[in-house]
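Side chains included, hydrogens not; waters and symmetry mates left out as well; all remaining heavy atoms used.
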Amino acid sequence: MRSKDDFISITSHEIKTPITIIKSYSQLIAKEAKRDDYRNANFGLYAERIHKQSEKLLKLTGKFIGYIQHQ
């Protein structure tokens with residue numbers, strides 16, 4: 001049982017960490033896109049889409065890890 005818990009913990013961390021980083025970078029891009037001197041408004045849209053999809057991945061990962069824990 002310990003081995004399963006270790007696997008779940010490591011897997012959860014390894015999946016969530018890059019998603020969280022992607023989410024953070026999308027927030028930085030969105031912030032930059034709002035600056036008055038920034039010329040490409042599409043970056044804000046792209047950042048918003050990246051952010052939404054990273055949120056979906058984090059939720060899905062959480063559900064998946066929760067499912068595995070109960071097996």
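- Under the 3.5 Å distance criterion, the side-chain polar atoms of Ser54 are matched with a main-chain donor or acceptor of His51.
- Taking the salt bridge (charged side-chain N to carboxylate O under 4.0 Å, His left out) definition, one finds that Lys31 meets it with nothing, sequence neighbours left out.
- Sorted by first and then second residue, the salt bridge (charged side-chain N to carboxylate O under 4.0 Å, His left out) pairs with a member in residues 60-71 form an empty list; sequence neighbours excluded.
- With sequence neighbours excluded, no residue satisfies side-chain hydrogen bond (donor to acceptor under 3.5 Å, both in side chains) with Lys56.
- Considering only residues two or more places apart in sequence or on other chains, Gln53 meets the side-chain hydrogen bond (donor to acceptor under 3.5 Å, both in side chains) condition with none of them.
- Partners of Thr61 under the side-chain contact (heavy atoms from CB on, under 4.5 Å) rule, at least two apart in sequence or in another chain, are Ile15, Lys16, Ile19, Ile65.
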Indicate every side-chain donor-acceptor pair of residues 22-30 with a distance under 3.5 Å to a residue at least two apart or in another chain.
| unit_1 | atom_1 | unit_2 | atom_2 | d |
| --- | --- | --- | --- | --- |
| Lys23 | NZ | Glu55 | OE2 | 2.4 |
| Ser24 | OG | Thr20 | O | 3.0 |
| Ser26 | OG | Lys23 | O | 2.6 |

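- Put simply, CZ on Phe64 and CD1 on Ile8 are 9.0 Å apart, with the number rounded to the nearest 0.5 Å.
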